Amino acid sequence: YIWFLWKGDIDPTQSVEFTNVLNPQELSKVAANVDNGGNAKPEILPDGRRYQSYHVQGTFWHPFPIGDYPFDEQDIVLLIEDAKHSSNELTYEVDSKETAMRPGMAIPGWNLGSIGAKVSSVHFPTNFGDTRVSSGMDTYSHVEFSVHVTRPRAGLILKTLVPISIIILITFGALFCKPQDIDARLCLTITALISAVALQYTTSTELPPTGYLLLIDKVYLLSYVVILVTTFLSIFANRLESAGSPDRARRLDRQGLMGLTVLFFGGTIFLALSR
């Protein structure tokens with residue numbers, strides 16, 4: 001619901017524009033105050049101001065940068081401008097005291113934060129073909145309403161980071177096998193690799209396509225490196241064992257286990273903190 005209070009000859013309800021509506025033809029804007037013919041007609045308040053309220057329904061768009069997924073935070077935004085009158089004729093002022101969100105409002109999979117509003121001026125570097133106006137001279141009043149939303153992190157960590165961590169721990173099981181059991185070692189690392197790829201594919205299908213790496217993608221790339229290094233360590237330890245150096249093979253396994261544990265879990269924590 002959006003309402004207007006104003007004085008003067010300009011009726012802001014006639015030229016208000018929702019600039020981030022997805023399909024203007026499907027936008028519904030129903031006036032609360034109408035005349036006998038059902039046409040919008042503002043009421044005149046005792047102080048002389050005019051008042052009109054609208055119930056607006058529609059689909060709005062706003063870019064969601066998801067590079068920090070699953071720790072990303074977003075804003076749901078509603079953008080409003082006057083489409084006809086420049087800011088020297090009409091300027092918006094937000095009714096901050098009465099701007100609020102419906103009690104009990106909920107979006108599945110998100111935590112709702114506070115609602116905010118910001119007034120600014122938008123400058124267009126064109127006269128839109130109107131030769132009576134100097135190019136790029138007009139600015140228009142602009143309002144941005146926003147609601148900050150965050151993902152439930154505990155649940156997402158359990159769904160994204162914990163499964164890949166378990167796969168890496170299973171991979172490390174190869175370093176506990178005897179060096180001569182190369183078949184068992186490779187079976188563990190190859191199975192872990194297939195599982196990691198399948199898990200990443202499942203995660204990516206739940207997200208919109210992007211041309212950049214997400215935080216979760218970087219974690220998966222790190223896991224592939226760890227699995228690859230574990231595979232080569234297993235092969236090298238087997239060759240040391242076959243060459244008659246069992247002590248060196250066991251030492252390589254211990255050092256590899258410690259190094260790879262630090263690499264994966266330390267790297268994951270670093271990626272999460274440095275986003």
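Given the structure is predicted, the values throughout are model-derived calculations rather than measurements. In this chain, residues are counted from 1 in sequence order.
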task: With L271 as reference, evaluate I216, L221, L215 under the side-chain contact (heavy atoms from CB on, under 4.5 Å) test and give the passing residue.
output: L215
message: Could you list the cluster mates of F232? Members are the ILVMFWY residues connected by side-chain heavy atoms closer than 4.5 Å, either directly or through other members.
response: L228
message: Could you work out, with ring-ring contact (aromatic ring centres under 6.0 Å, His included) as the rule, every residue matching Y1, not counting sequence neighbours?
response: H55
query: What heavy-atom pair brings L156 and P70 nearest, and what distance separates the two atoms?
result: CD1-O, 3.6 Å
Heavy-atom pair of closest approach, residues V119 and S141: CG1-OG, 4.3 Å
query: Should L260 and L233 count as side-chain neighbours, where that means a heavy-atom distance under 4.5 Å?
result: yes
message: Going by ring-ring contact (aromatic ring centres under 6.0 Å, His included), name the residues that satisfy it together with F264, two or more places apart in sequence or in a different chain.
response: none
query: What closest approach, in Å, do G113 and V147 show between heavy atoms, and which atom pair accounts for it?
result: O-CG1, 4.1 Å
field: Closest heavy-atom pair and its distance - L188, A174
entry: CD1-N, 3.5 Å
- line: Minimal heavy-atom distance between D253 and P179, with the atoms involved, is OD2-CG, 4.1 Å
task: Determine whether the side chains of Y140 and E17 contain a donor N or O and an acceptor N or O closer than 3.5 Å.
output: no
- line: With Q74 as partner, the option from P63, P65, S146 fulfilling side-chain contact (heavy atoms from CB on, under 4.5 Å) is P65
message: Is any side-chain heavy atom of I76 closer than 4.5 Å to one of F60?
response: no
Note, I80 side chain near I2 side chain (heavy atom, < 4.5 Å): yes
field: Any L214 side-chain heavy atom under 4.5 Å of Y212 side chain
entry: yes
- request: Indicate whether any N or O donor in one side chain lies under 3.5 Å from an N or O acceptor in the other, for S87 and T139.
  value: yes
statement: Heavy atoms of D75 and H62 approach each other most closely as O-CD2, 3.5 Å
